[in-house]
Amino acid sequence: MTLKIATWNINSVRLRIDLVERLTQTAKPDVLCLQETKAENKVFPYDALKAMGWEHILASGMKGYNGVTILSKIPFESTEAPEWCDKSDARHAVATLKGGIEIHNFYIPAGGDIPDPDQNEKFAHKLRFLDEITAWFSKRKAAKASAKNKMVLVGDLNIAPLESDVWSHKQLLKVVSHTPVEVERLDRLQGSHDWVDAVRQFFGPEKILYSWWSYRAKDWNTADKGRRLDHIWVTPALSKDVKAVEILRDVRGWPRPSDHVPVMVTLKS
DNA sequence: ATGGTTGAGAATCAA
């Protein structure tokens, strides 16, 4: 038996509902975590998603921006939509699957253009968000004696930490998403619950990997100026169960695509 | 050097 978990920044679930269906049918994930759904719950396409086989749906949305969703073929034991930085901005959804795996789906703030928290409140928010969830996971780890905890953290973390996660390390060092201050925060988050980067565990540290290509490039595929902003992390109790990881680059070439592509892990269960 | 595109939803704001 296997469990396939995918994450995808869909950039409007309503506009791209047909692409969600295409991914559902071709990649056949058991759990699909979406970010940037851009739909408040009252306009969320529950019926269309149920019709394509997503029986269990956790949606946390707001009008116009952000929004995270966990779609599942496996029933939920419990669900939660925590809030951070005193904002109700729909950036975190948690679902525990029947059987015990706890899934965290994040849309971390992008952080604006200027990588200085004193000049740019959006960048300050991004750092604060990372600090808050790091403290929260550290506390939970201590409280739960977590050695056996089976947890998965996915999402658009809006940080590409390694040199092999960006098209040019040198040219992006001062570009939000790849600055040392963000990478250091992401490393601390990773340490907060002994998270293992399942994608790098599978592919190794050297392989060039991207999950996002800007809409602004004339030809995203030829220019290939990508970044790996979308991540799948697992706790040590699950790291040995990672059988495969795929970054579905072809999806960037689908009609009217998102600027992000799905990342999917196959776990032995 | 600094533009380039997309989405929500109704003028910009965010990415």
Side-chain angles (χ1 to χ4, degrees), chain A residues 7-23 33-46 48-49 59-69 83-85 87-92 105-117 119-130 154-161 165-168 170-179 181-182 185-186 210-231 249 251-263:
Chain A
T7 178
W8 191 12
N9 179 320
I10 191 65
N11 189 16
S12 172
V13 68
R14 285 176 290 170
L15 190 67
R16 286 184 243 285
I17 192 74
D18 54 329
L19 299 193
V20 174
E21 180 160 31
R22 183 167 168 184
L23 184 82
C33 298
L34 300 174
Q35 304 87 34
E36 281 205 90
T37 52
K38 295 185 176 176
E40 55 191 329
N41 290 357
K42 67 180 182 192
V43 299
F44 189 83
Y46 288 102
L49 290 164
S60 172
M62 63 183 284
K63 192 172 180 176
Y65 302 105
N66 311 333
V68 286
T69 292
E83 294 180 351
W84 303 104
C85 304
K87 295 175 196 284
S88 301
D89 59 353
R91 294 181 180 276
H92 186 193
N105 179 17
F106 280 103
Y107 176 52
I108 289 183
D113 288 330
I114 303 164
D116 177 346
Q119 287 182 62
N120 173 9
E121 171 49 34
K122 288 184 211 153
F123 194 73
H125 177 218
K126 183 178 199 174
L127 299 182
R128 206 158 62 239
F129 190 100
L130 287 158
V154 308
D156 178 1
L157 307 187
N158 267 315
I159 299 173
D165 291 331
V166 292
W167 65 274
S168 169
K170 205 171 163 188
Q171 289 181 75
L172 290 174
L173 267 172
K174 291 180 178 166
V175 173
V176 171
S177 74
H178 191 61
T179 65
V181 61
E182 293 167 84
R185 289 303 209 292
L186 195 70
Y210 310 140
S211 65
W212 172 88
W213 294 261
S214 172
Y215 283 127
R216 296 173 190 178
K218 259 193 303 216
D219 181 345
W220 71 273
N221 194 32
T222 303
D224 202 18
K225 292 184 171 181
R227 305 178 203 169
R228 187 174 70 107
L229 303 178
D230 303 275
H231 297 266
R249 181 181 173 113
V251 173
R252 186 65 176 78
W254 287 2
R256 292 208 74 184
S258 168
D259 44 356
H260 296 251
V261 299
V263 182

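Throughout, a chain's letter reflects where its sequence line sits, starting with A, and its residues are numbered from 1. Since the model is a prediction, treat every value here as computed from it, not as a measurement. These values consider heavy atoms only, across backbone and side chains, with no hydrogens, waters or symmetry-generated copies.
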Q) Going by distance alone, is a donor N or O of one side chain under 3.5 Å from an acceptor N or O of the other, for A/Glu182 and A/Ser177? A) no
**Q.** Charged tip of A/Arg91 within 45° of A/Trp84 ring normal and under 6.0 Å
**A.** no
Q: In whole angstrom, give the distance that lies between atom NZ of A/Lys218 and atom C1' of B/dT6.
A: 18 Å
Q.
Please report the distance separating the P of B/dT5 from the corresponding atom of B/dG9, rounded so that it comes out in whole Å.
A. 23 Å
Q. For DNA chain B, whose closest nucleotide is more 5', that of A/Ala217 or that of A/Gly111?
A. A/Ala217
Q. Which atom pair, heavy atoms only, marks the closest approach of A/Asn11 to A/Arg16?
A. O-NH2, 2.9 Å
Q: Write down the distance between CD1 (A/Ile114) and P (B/dA15), rounded to a whole number of angstrom.
A: 14 Å
(Q) Let me confirm one number: the CG-NE2 distance from A/Asp230 to A/His260, rounded to the nearest 0.5 Å. (A) 5.5 Å
Q.
I'd like the C1' distance from B/dG7 over to B/dA1, given in whole Å.
A. 28 Å
Q) Taking the same atom, P, in B/dA8 and in B/dG4, what whole-Å distance lies between them? A) 22 Å
Q. Side-chain contact, heavy-atom cut-off 4.5 Å: A/Asp156 with A/Trp212?
A. no
Q. Within this structure, what is the CH2-to-P distance between A/Trp212 and B/dG4, rounded to whole angstrom?
A. 16 Å
Q) Between atom CD in A/Gln171 and atom C1' in B/dT2, what is the gap in whole Å? A) 14 Å
Q) Can you check the A/Asp219 CG to B/dG4 P distance for me, whole Å? A) 17 Å
**Q.** Close side-chain approach of A/Thr69 and A/Val13, heavy atoms under 4.5 Å
**A.** no
Q: Classify every nucleotide of nucleotides 7-14 of chain B by which part a protein heavy atom approaches to under 4.0 Å, writing B for the base, S for the sugar-phosphate alone and - for neither, in 5'-to-3' order.
A: SSSS--BS
**Q.** Whole angstrom value for the distance that separates P of B/dT5 from CG of A/Asp113
**A.** 16 Å
Q.
Can you check the distance between B/dC13 and B/dT2, where both ends of the measurement are the P atom (answer in whole Å)?
A. 22 Å
(Q) Tell me if a side-chain donor or acceptor on A/Lys126 pairs with a main-chain N or O of A/Asn158 at a distance below 3.5 Å. (A) yes
